[in-house]
Amino acid sequence: MRLLVTGGAGFIGANFVHAAVRERPDADVTVLDALTYAGSRESLATVAADVRVVEGDVADAALVDRLVGEADAVVHFAAETHVDNALAEPEPFLRSNVIGTFTVLEAVRRHGVRLHHVSTDEVYGDLELDGQDRFTESTPYNPSSPYSATKAASDMLVRAWVRSYGVAATISNCSNNYGPFQHVEKFIPRQITNVLTGRRPKLYGAGTNVRDWIHVEDHNRAVWLVLERGTIGRTYLIGADGERDNLSVLKDVLRLMGRDEDDFDHVPDRAGHDARYAIDSTPLREELHWAPKHTDFETGLAETIDWYRANESWWRSMKDGVEATYAERGR
Ligand code: NAD
Ligand code: TDX
């Protein structure tokens with residue numbers, strides 16, 4: 001299978017490409033990535049001989065048309081992804097997430113190529129903090145941030161292109177990922193690298209917000225299953241029953257790194273901060289027989305901490321700049 005992976009130099013995309021090279025020798029992988037601040041060739045260094053990396057914008061219609069024309073399937077990860085950046089400057093999110101997805105859709109429509117669109121549970125907005133309900137495929141869209149609004153818009157475009165033009169597409173909406181190669185702007189890597197650089201971890205507000213954590217390898221195994229066996233036009237929710245509040249996750253990080261559990265700073269809360277995300281992934285489990293392999297969060301977190309310790313050269317040059325930006329934003 002000739003596979004075009006957009007955003008393949010980012011966190012989840014790079015892990016997807018690593019797994020494809022490792023486990024799918026029949027896949028011929030091309031990565032299209034703009035190599036923004038969030039993407040790096042270093043994330044693909046160990047598979048550089050096995051994949052073709054094209055540096056370019058997913059909103060570049062001529063380039064996307066050519067690459068899609070050479071592919072049997074597209075897995076579309078490319079997006080601006082950080083909520084705090086979206087709040088500070090939403091425009092790049094409109095361009096990459098909305099126009100970028102539109103550009104991919106037009107190319108797969110012209111060439112009759114299969115598409116899997118990777119999206120987020122944040123399109124559903126948030127749930128009550130102490131509720132028992134979870135997001136399902138039929139939960140109404142209710143995005144809170146400029147980021148999730150643009151992801152919701154991109155999902156709607158995919159649905160419309162399936163219905164109106166018969167594009168062969170599927171969508172997945174996954175919860176919060178953790179694991180290797182995640183940018184140090186994101187919650188878990190930020191706190192790990194804060195400890196490793198002698199800084200104090202930073203918790204937004206009271207830390208009661210709940211995220212539903214899933215290991216990136218479990219997310220990517222689900223993406224493969226949906227790509228190969230999913231029903232065209234359907235949306236699959238991906239989640240591993242990993243609900244935890246931010247304060248608990250932060251205390252886990254501190255404990256696993258040998259620090260006092262109170263050795264962190266409270267910083268001002270995020271605007272519009274979503275209270276709780278939780279995924280009901282029953283259809284994925286029952287119809288596609290997916291199950292997460294990383295079922296113990298603390299083990300996965302300890303392995304992730306080990307990865308950041310062992311791969312300081314991957315994140316070190318980004319760290320000071322990221323923290324300077326956070327400082328400007330008072331966080
Ligand atoms: P990331 O920010 O680490 O990586 C995004 C990649 O896309 C980067 O390599 C970047 O260079 C590239 N990119 C951005 N704009 C581009 C453009 N215009 N053209 C080409 N490439 C561009 O993000 P991630 O965490 O790996 O997320 C990947 C996808 O998964 C996104 O679509 C995101 O919405 C979705 N998702 C992420 C999570 C999560 O927890 N991280 C959860 C659910 C869904
Ligand atoms: O320093 C921090 N302190 C803190 O308390 C940071 C960076 C975050 N937080 C909180 C905010 C959130 O409640 O931790 C939680 C997780 O924050 P992020 O890592 O920014 O993730 P989130 O906003 O939940 O969105 C992530 O999951 C869904 C990804 O960034 C999205 O791309 C994905 O769609």
Side-chain angles (χ1 to χ4, degrees), residues 5-16 31-41 43-44 53-60 63-64 75-87 92-93 95-97 99-101 103-104 117-123 126 143-145 147-148 150-151 154-155 172-179 181-191 194 201-214 216 219-220 223 237-239 244-247 249-250 264-270 273-277 279 322-323 326 329 331:
V5 181
T6 75
F11 163 45
I12 304 174
N15 278 283
F16 183 87
V31 168
L32 170 62
D33 199 297
L35 301 177
T36 69
Y37 80 95
S40 76
R41 284 187 189 275
S43 300
L44 297 171
V53 179
V54 177
E55 180 175 350
D57 193 328
V58 79
D60 177 341
L63 175 63
V64 170
V75 183
H76 179 39
F77 291 101
E80 289 289 338
T81 63
H82 192 37
V83 174
D84 294 328
N85 292 346
L87 290 164
F93 290 71
R95 200 180 42 77
S96 292
N97 302 4
I99 303 299
T101 301
T103 306
V104 170
H117 174 65
V118 178
S119 192
T120 170
D121 61 355
E122 298 194 20
V123 299
D126 61 354
S144 316
S145 74
Y147 162 68
S148 51
T150 59
K151 292 299 290 188
S154 70
D155 294 6
S172 56
N173 298 81
C174 188
S175 59
N176 284 64
N177 285 222
Y178 73 97
F181 296 108
Q182 188 169 28
H183 197 276
V184 294
E185 69 189 354
K186 302 287 176 19
F187 179 53
I188 288 178
R190 183 183 185 202
Q191 313 315 336
N194 275 354
K202 310 288 182 204
L203 186 69
Y204 293 0
T208 51
N209 310 66
V210 171
R211 296 295 181 263
D212 189 353
W213 293 99
I214 181 172
V216 63
H219 177 186
N220 281 330
V223 167
L237 268 61
I238 307 174
R244 280 176 180 245
D245 65 72
N246 293 340
L247 177 61
V249 173
L250 181 52
F264 68 87
D265 296 330
H266 286 279
V267 294
D269 209 350
R270 175 183 280 172
H273 200 169
D274 280 339
R276 181 171 74 94
Y277 306 140
I279 292 272
V322 166
E323 289 308 317
Y326 272 121
R329 294 174 184 167
R331 296 198 182 87

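Whatever order the structure lists ligands and atoms in, that order sets their numbers, starting from 1.
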Checklist line | Asp60 CG to Ile99 CD1 distance, which is reported to the nearest 0.5 Å | finding: 13.0 Å
Check: Between Glu80 and Arg95, does at least one N-O distance fall below 4.0 Å, as a salt bridge requires?
Finding: no
Next item on the list: Check each of Thr208, Thr81, Ile12 against atom 32 (O) of ligand 2 and report the one with the nearest heavy atom.
Entry: Thr81
Next item on the list: Kindly say whether Thr81 contributes a backbone atom to a donor-acceptor pair with the side chain of Asn85 at under 3.5 angstrom?
Entry: no
Notebook entry, point to check: On the ring face of Tyr178, is Arg211 found with NZ or CZ under 6.0 Å from the centre and within 45° of the axis?
Noted result: no
Check: Among Ala78, Ala79, Ala34, which residue places a heavy atom closest to atom 14 (C) of ligand 1?
Finding: Ala79
Check: For ligand 2, which atoms sit closer than 4.0 Å to a heavy atom of Thr120?
Finding: 28 (C), 33 (C), 34 (O)
Next item on the list: Would you check if there is a donor-acceptor pair between the side chains of Asn194 and Tyr326 at a distance under 3.5 Å?
Entry: no
Next item on the list: Answer yes or no: does an N/O atom from Asn176 fall short of 3.5 Å to an N/O atom of ligand 1?
Entry: no
Margin query: Can you tell me if Ser119 contacts ligand 1 (heavy atom of the residue under 4.0 Å from the ligand)?
Written below: yes
Next item on the list: Run down the list Thr6, Ile12, Thr36, Asp212 and name the one with the heavy atom closest to atom 37 (C) of ligand 1.
Entry: Ile12
Checklist line | Donor + acceptor pair across side chains of Asp126, Asn209 (<3.5 Å) | finding: no
Check: When only distance counts, is Arg211 in polar contact with ligand 2, meaning an N/O pair under 3.5 Å?
Finding: yes
Notebook entry, point to check: Of Gly179, Ser96, Pro92, which has the heavy atom at the shortest distance from atom 16 (C) of ligand 1?
Noted result: Ser96
Notebook entry, point to check: Do the side chain of Gln191 and the main chain of Lys202 share a donor and acceptor less than 3.5 angstrom apart?
Noted result: yes
Next item on the list: Tell me which one of Thr101, Val64, Asp33 gets a heavy atom nearest to atom 12 (C) of ligand 1.
Entry: Asp33
Margin query: Does the residue Ser175 have a heavy-atom contact with ligand 1, meaning some pair of atoms that are separated by less than 4.0 Å?
Written below: yes
Check: Nearest protein heavy atom to atom 25 (O) of ligand 2, by residue and atom, and its distance?
Finding: Glu122 OE2, 2.6 Å
Next item on the list: Would you mind checking which non-hydrogen protein atom is closest to atom 12 (C) of ligand 2, with the distance to 0.1 Å?
Entry: His273 NE2, 3.4 Å
Notebook entry, point to check: Looking only at non-hydrogen atoms, which of Arg190, Lys202, Glu185, Arg270 approaches atom 18 (P) of ligand 2 most closely?
Noted result: Arg270
Next item on the list: Give the residue and atom name of whichever protein heavy atom lies nearest to atom 32 (O) of ligand 1, and the separation in Å to one decimal.
Entry: Lys151 NZ, 2.7 Å
Notebook entry, point to check: If hydrogens are left out, which of Val118, Asp121, Ile99, Thr150 has an atom nearest to atom 30 (O) of ligand 1, that is, the closest non-hydrogen atom?
Noted result: Val118
Item checked: Any Gly100 heavy atom less than 4.0 Å to ligand 1 -> no
Checklist line | Nitrogen or oxygen of Gln191 less than 3.5 angstrom from that of ligand 2 | finding: yes
Notebook entry, point to check: Would you say Leu203 and ligand 2 have an N/O pair spaced under 3.5 Å apart?
Noted result: no
Checklist line | Min heavy-atom dist Gly56 to ligand 1 below 4.0 Å | finding: yes
Next item on the list: Measure the distance from atom 19 (O) of ligand 2 to every protein heavy atom, then report the residue, atom name and distance (to 0.1 Å) of the closest one.
Entry: Phe187 N, 2.9 Å
Checklist line | Options Tyr204, Phe264, Tyr277, Trp213, ranked by nearest heavy atom to atom 6 (C) of ligand 2, top entry | finding: Tyr204
